[in-house]
Amino acid sequence: MTQVTQHTPRKILVTGCASGIGLAQTQLFLDGGDQVYGVDKQKPQAIDDPNFSFFQVDLVGDLTALLAQLPQNFDVICHTAGVLDDYKPLLETSDDDFSQILTNNLRPVVKLTRHFLPQMIAQKSGIIITMCSIASFVAGGGGAAYTTSKHALAGFTKQLALDYARTRVQIFGIAPGAVQTGMTRQDFEADNGQMADWVASETPVGRWAQPSEVAELTAFLASGKASYMQGEIVKIDGGWTLK
């Protein structure tokens, strides 16, 4: 007779939970019986679950009130919130716009990690997953600001993983390619979707990814089964970076 292993609910923090990849991650963890704490500037419309706690917060602002309300220890943290730029080169990007992209995509990750990492170290367990991008590896996945911010996030992820590898806290990054989300909606709406069609044609597998596919990868990295992996930034890009 096969013995069924009982799942122990975990406490999971997901930023950017209201839409796209963050929403898919949140729903997948909830479906698995976990307790999920979600943070976003806008309220998610599709989640009705007693194990979900939502906090409507702009992560680039003062986080004092948020941190006072959240549990002080998490089993998994998914740093999924982020913003895309307008694919503009440096000379077409103002200093303010460049700074804003860097701030949105990096500062909350550093702040929240600094706050919660000591408790993970103390309990000798925990998994932190950052949302990098193919723009963490190659140019062309965004403009000058976005590509810079995602390269910086990849560097932070790797250094964090190296510095704390002996603490039993695992740190990973996920690097999606073209994912069909609200953030990429303009690619499907502008010029009758010509940009979306071009991206699909340039992707070796011939299509965009769905948020649920990135969520499934997240679930694996958060499962504890990748126990000998540390600091890997796992690409899920349909083969884009093979070219």
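Computed from a predicted model, the values in this text were never measured in an experiment.
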Would you please test Q100 and D96 for side-chain hydrogen bond (donor to acceptor under 3.5 Å, both in side chains) and show each step? CA-CA 6 Å; Q100 186 177 25; D96 286 344; over 6 Å; no
Are W208 and M195 linked, directly or through intermediate hydrophobic residues, by side-chain heavy-atom contacts shorter than 4.5 Å (ILVMFWY only)?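 Shared cluster, yes.
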Single-linkage hydrophobic cluster, 4.5 Å side-chain cutoff, L66 and I128 together: yes
Take atom NZ in K111; do more than 12 heavy atoms of anything else shown fall under 6.0 Å from it?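 Atom NZ in K111 is packed in, count exceeds 12.
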Between T157 and T130, do the side chains contain a donor N or O and an acceptor N or O under 3.5 Å apart? yes
With distance as the sole criterion, is a donor-acceptor pair present between the side chains of Q180 and Q210 under 3.5 Å? yes
Does anything in residues 89-118 pair up under ring pair (Phe, Tyr, Trp, His ring centres under 6.0 Å), and if so which pairs, sequence neighbours excluded?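 The answer is F74-F116.
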So, does [X] use its side chain to make a donor-acceptor pair with the main chain of [Y] at under 3.5 Å?
X: Q69; Y: A65; answer: yes
X: N104; Y: G82; answer: no
X: T167; Y: Y164; answer: yes
X: Q72; Y: L70; answer: yes

Validation row: Q35, P9 side chains within 4.5 angstrom (heavy atoms): no
Residues at least two apart in sequence or cross-chain that pass side-chain hydrogen bond (donor to acceptor under 3.5 Å, both in side chains) with Q119, listed by chain then number, are none
Quick one: list whatever passes side chain to side chain contact (heavy atoms under 4.5 Å, CB included) with S125, sequence neighbours left out. Q123
With a 4.0 Å cut-off, would you call D75 and K11 a salt bridge?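 No, D75 and K11 are not salt-bridged.
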Shared-cluster residues of V179, by chain and number - hydrophobic side chains joined below 4.5 Å: I12, V14, I21, L23, F29, L30, V36, I47, F52, F54, V76, I127, I129, M131, F172, I174, V214, L217, F220, L221, M229, V234, I236
Salt bridge (charged side-chain N to carboxylate O under 4.0 Å, His left out) pairs touching residues 220-239, sequence neighbours excluded, are none
Where at least one partner belongs to residues 38-51, residue pairs that pass side chain to side chain donor-acceptor pair (under 3.5 Å), sequence neighbours excluded: none
